[in-house]
Visitor: 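Have a look at this one before I ask anything.
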Amino acid sequence: MSILEHLNSSQQQAAAHHCGPLLVVAGAGSGKTRVLTHRIAHLLGHHGVDPEAILAVTFTNKAAREMKERLELLLAEQQSRDCHGQPWNTLTELQQRQLRSRVYHETTQPLWIGTFHALFARLLRIEMDNYRDPEGFTWTRQFTIYDEQDVRSLLKEIVTQEMNLDPRSFEPRQVRWTIGKAKNNGLLPDAYAAAHQGRRSERIAEAYRRYRRSLAANNALDFDDLLLIPVQLLRDNAQVREVWHQRFQHLLVDEYQDTNRTQYELLRLLTTNGAAPRTDGSWHDRSLFVVGDADQSIYSFRAADFTILMDFQRDFGDGQADGDTRTMVKLEKNYRSTATILEAANALIANNHDRIEKVLHPTRDRGRPIQLGCCDDELAEADALVQTVLAAKRRNPGLRWGDVAVLYRVNAQSRVVEEALVRSSVPYTVVGGLRFYDRREIKDALAYLRLLVNPADRISLLRVINVPRRGIGKITLQRLTDAATQLGVSLWEILSDAESVQTLAGRSARSVLQFAELIRTLRQQVQHRSPAEVVQRVIEDSGLMAQLKAEDTDEAEERLHNLGELVNAALQYQAETDAPQLRDFLTSAALASEDTDKNKKDLKADRVVLMTFHASKGLEFPVVALVGLEQGLFPNHRAMEDPAALEEERRLCYVGLTRARDELHLFHARARRLWGGERVPALPSCFLEELPEQVVEIQRPRSSGVFLRRQVHRDKLLRSDRPESRPVSHEENTIDTTCAAWRAGDVVEHEHFGQGQVTHCFGAGSKLFLAVKFGKQPPKVLDPRLAPIRRIGAAGAS
DNA sequence: GGCCTACGAATTTTT
DNA sequence: TTCGTAGGCC
């Protein structure tokens with residue numbers, strides 16, 4: 001049991017679990033990755049489980065990577081003690097490397113750890129030939145994975161051209177969303193049509209049918225198919241199901257609250273071999289181990305359904321009450337945040353009705369109170385935020401920029417914050433935005449590569465046939481596609497026939513034939529050369545490189561660099577893979593979410609991190625600032641009518657609060673301009689009212705950023721003899737020396753309340769007020785001209 | 001065939 | 001504000 005000795009008792013109980021179902025309700029910061037990795041290590045080491053029998057599923061590549069790395073370290077440590085009788089860090093570098101390599105080959109590599117999509121894409125690459133679609137569609141193992149852009153263009157074609165529907169009432173976006181939702185709920189077109197009556201639904205079902213046919217014709221799958229097709233395969237083919245059921249004796253699922261119905265089906269089929277979970281105990285010689293937190297379910301907009309987690313006890317578990325159950329463990333000890341932050345988070349989430357009762361218990365002391373900044377507008381908010389960051393850094397010199405995170409509800413909010421950071425020369429990085437594999441030049445190169453592997457891929461063919469420009473235009477392509485449709489062959493087949501091209505393409509025939517020849521030549525390379533070499537050939541022979549070189553702009557330079565990075569990515573893939581294949585490199589590219597290269601750089605660079613609440617899940621920072629806590633923005637206006645949606649917004653806020661380790665700063669503005677147009681008044685978010693009063697300190701930063709800066713300048717001119725004085729007024733025409741003389745931090749003596757400190761100056765001129773804090777009382781707002789106070793110490797002079 | 005401009009729409013987002 | 005697209009013009 002030694003490997004579990006550093007865990008607390010609930011963690012131990014979870015990690016020691018051997019067979020049968022177990023739900024681990026893991027609050028934020030309660031050490032869930034620790035439990036997952038320790039359980040795997042325990043299964044391998046203590047129960048002698050074969051690594052090939054374990055399937056560990058996550059939702060993001062990042063989570064998968066982290067799990068793999070931490071598991072490797074844990075196993076290496078364990079082996080170090082077993083083999084050398086000493087801790088890992090006392091080994092020589094050579095011994096460390098040898099051990100690490102052994103751990104990798106013996107355990108981490110044969111283990112199936114990864115995202116749902118990556119793991120089941122892998123399964124499909126093995127089993128695709130055994131799949132028979134109910135409608136007779138087939139795919140080969142060379143299938144292409146379409147991303148959202150590809151999907152959208154395919155659907156747009158179907159909706160507007162094939163079906164001639166009014167694009168206003170059948171927006172491709174909307175249709176795409178509906179079909180995706182059907183797929184994530186495990187519904188094929190007929191099932192969807194049966195479940196949804198009405199003319200509109202009929203049309204959508206028809207679009208769905210045509211869409212699937214089209215995907216099959218392109219030998220392509222979308223992301224949802226990577227899960228839905230395995231479900232159908234395992235459901236309909238008992239032989240295949242038996243193989244995988246036998247293989248995976250132990251299933252572990254991270255972030256279980258984020259599973260959708262289709263993913264649930266996969267888990268169920270693999271675990272019970274198709275039986276209903278409760279009626280049949282025959283699978284209890286194996287395990288289903290799920291870890292999650294219903295309070296952190298924030299992805300229902302993409303069909304995640306946290307009731308799956310809430311129903312685990314009923315579905316798979318013993319269904320006993322919390323005190324008696326042996327199939328649920330709660331991890332409630334939080335090792336991350338101060339008691340104050342947890343108090344706020346617990347109070348907020350208690351307002352949700354749909355949840356499993358759970359309280360985060362602090363292991364740390366109270367720390368600093370939460371600061372709430374009430375600002376005039378989004379500019380003032382951004383400015384106040386920057387001041388807060390600078391103040392935190394001053395207070396704590398050890399704090400790095402990278403220890404600070406700014407979270408917002410929508411990406412559009414980042415701009416103002418960025419501008420304020422730039423003005424104060426604070427280094428920052430924005431998480432999210434354009435992904436490496438979404439860049440135009442990268443998508444172009446990938447489209448060539450996909451076309452080499454999968455000749456049926458018409459979307460990729462159309463993308464590159466005229467990139468770089470070859471003088472092959474709309475008309476020519478229309479003629480060629482029409483001919484292909486009429487003859488019932490693929491577009492590529494038409495292109496590769498010289499006669500057809502001569503007839504159809506007219507004056508662009510020459511270009512078309514040259515293009516076909518280019519693809520044929522490149523395709524031969526796939527057999528003999530490594531993926532990286534093929535990538536290089538494509539970039540050069542297609543003319544992509546020449547075109548960018550000819551442009552000779554900074555942007556083209558950047559794009560060239562990115563293409564170089566693509567070659568590097570292929571090289572890296574080869575280095576990490578035993579039998580590298582271009583096909584599998586393309587899969588990993590399609591499923592990769594982030595720009596790994598940029599990520600590495602950002603981690604090293606010490607910068608304030610800006611991101612959405614969604615993107616912050618799973619991360620933690622010593623200092624966290626939440627901005628834009630306003631009705632309509634957060635909670636978002638689209639969620640405010642619907643109680644379930646409002647609860648999801650609240651969970652999102654809960655996620656934000658629980659990211660903070662030491663300091664939490666909240667901000668809202670009384671007016672905001674989001675995209676152009678008028679600045680609209682805004683009310684504080686209802687979530688703010690749900691935080692306990694005693695843990696929040698209200699601050700009123702004085703002024704809009706623009707005015708403040710202008711005044712600093714003017715102020716210096718006016719009172720160059722007192723360089724330490726700072727302006728506090730709001731409007732330019734009300735600069736008032738009395739008010740400028742007061743500043744936050746000043747120490748005052750009050751006739752009745754004794755000594756206090758000014759926390760804020762707000763208002764201006766005759767309406768100037770001071771917020772003064774006396775002892776532990778909440779701050780009092782005083783008029784400095786009337787109140788019996790006198791200054792006994794200046795800010796910063798202590 | 002290719003470029004330019006005007007117009008409209010715009011949570012959240014992993015795979 | 002910004003992005004993507006549709007349609008018109010050379």
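In the text below, chain A, chain B and the rest are named by the order of the sequence lines, each starting its count at 1. Both backbone and side-chain heavy atoms feed into the values below; hydrogens, waters and symmetry mates do not.
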Visitor: Could you check if the base of B/dT11 is syn or anti? Syn means the glycosidic torsion is within 90 degrees of 0.
Guide: syn
Visitor: Toward the 5' end of DNA chain C, which comes first, A/Leu674 or A/Lys474, by nearest nucleotide?
Guide: A/Leu674
Visitor: Taking the six-membered ring of A/Tyr264, is the NZ or CZ of A/Arg261 close enough (under 6.0 Å from the centre) and on axis enough (within 45°)?
Guide: yes
Visitor: Contact class for A/Ile475 (heavy atom, under 4.0 Å): base, sugar-phosphate, or nothing?
Guide: sugar-phosphate
Visitor: Which whole-number value in Å describes the distance from A/Phe59 CZ to B/dT14 P?
Guide: 13 Å
Visitor: Between C1' on C/dT1 and CD on A/Glu419, what's the gap in Å once rounded to a whole number?
Guide: 10 Å
Visitor: For the pair made of CG in A/Leu379 and P in C/dT1, what is the distance, rounded to whole Å?
Guide: 13 Å
Visitor: Rounded to the nearest Å, what distance is computed from the CD atom of residue A/Gln257 to the C1' atom of nucleotide B/dT14?
Guide: 14 Å
Visitor: Roughly how many Å is it from CG in A/Asp222 to P in B/dT14, rounded to a whole number?
Guide: 17 Å
Visitor: For A/Asp147, answer base if it contacts any base atom (sugar-phosphate contacts may also be present), sugar-phosphate if it contacts only those atoms, and nothing otherwise; contact means non-hydrogen atoms under 4.0 Å.
Guide: nothing
Visitor: Without decimals, in angstroms, what is the distance between A/Leu477 CG and B/dG2 C1'?
Guide: 14 Å
Visitor: Does A/Arg651 count as lying over the ring of A/Phe306, i.e. NZ or CZ under 6.0 Å from the six-ring centre, within 45 degrees of the axis?
Guide: yes
Visitor: On the six-membered ring of A/Phe143, is A/Arg125 placed so that its NZ or CZ lies under 6.0 angstrom from the centre and within 45° of the ring axis?
Guide: yes
Visitor: Could you list, one pair per line, each protein nitrogen or oxygen that sits under 3.5 Å from a nitrogen or oxygen of nucleotides 4-6 of chain C, together with the distance?
Guide:
from: C/dA6; atom 1: OP1; to: A/Lys156; atom 2: NZ; distance (Å): 3.0

Visitor: Are there more than 12 heavy atoms of other residues, nucleotides or ligands under 6.0 Å from atom CD of A/Glu641?
Guide: no
Visitor: Would you call A/Asp258 and A/Lys617 a salt bridge, taking side-chain N to carboxylate O under 4.0 Å as the test?
Guide: yes
Visitor: Is it the case that over 12 heavy atoms from other parts of the model lie below 6.0 angstrom from the CZ atom of A/Arg141?
Guide: yes
Visitor: Among B/dG2, B/dT14, B/dG1, which nucleotide has an atom closest to any side-chain atom of A/Thr476?
Guide: B/dG1
Visitor: Do the numbers put A/Arg200 on top of the ring of A/Phe170, so that NZ or CZ is under 6.0 Å from the six-membered ring centre and no more than 45° off the axis?
Guide: yes
Visitor: Between A/Asn260 (CG) and B/dT13 (P), how many Å, whole number?
Guide: 18 Å
Visitor: In whole angstrom, what separates A/Asp224's CG from B/dT13's P?
Guide: 18 Å
Visitor: Protein-nucleotides 9-12 of chain B N/O pairs closer than 3.5 Å?
Guide:
from: B/dT11; atom 1: OP1; to: A/Arg638; atom 2: NH1; distance (Å): 2.1
from: B/dT11; atom 1: O5'; to: A/Arg638; atom 2: NH1; distance (Å): 3.0
from: B/dT12; atom 1: OP1; to: A/Asn411; atom 2: N; distance (Å): 3.1
from: B/dT12; atom 1: O4'; to: A/Arg409; atom 2: NH2; distance (Å): 3.1
from: B/dT12; atom 1: O2; to: A/Arg409; atom 2: NH2; distance (Å): 2.5

Visitor: Check each of A/Leu221, A/Leu154, A/Asp150 against A/Leu215 using the side-chain contact (heavy atoms from CB on, under 4.5 Å) test, and report the only one that passes.
Guide: A/Leu154
Visitor: For the ring pair A/His614 and A/Tyr299, is the centre-to-centre distance below 6.0 Å?
Guide: yes
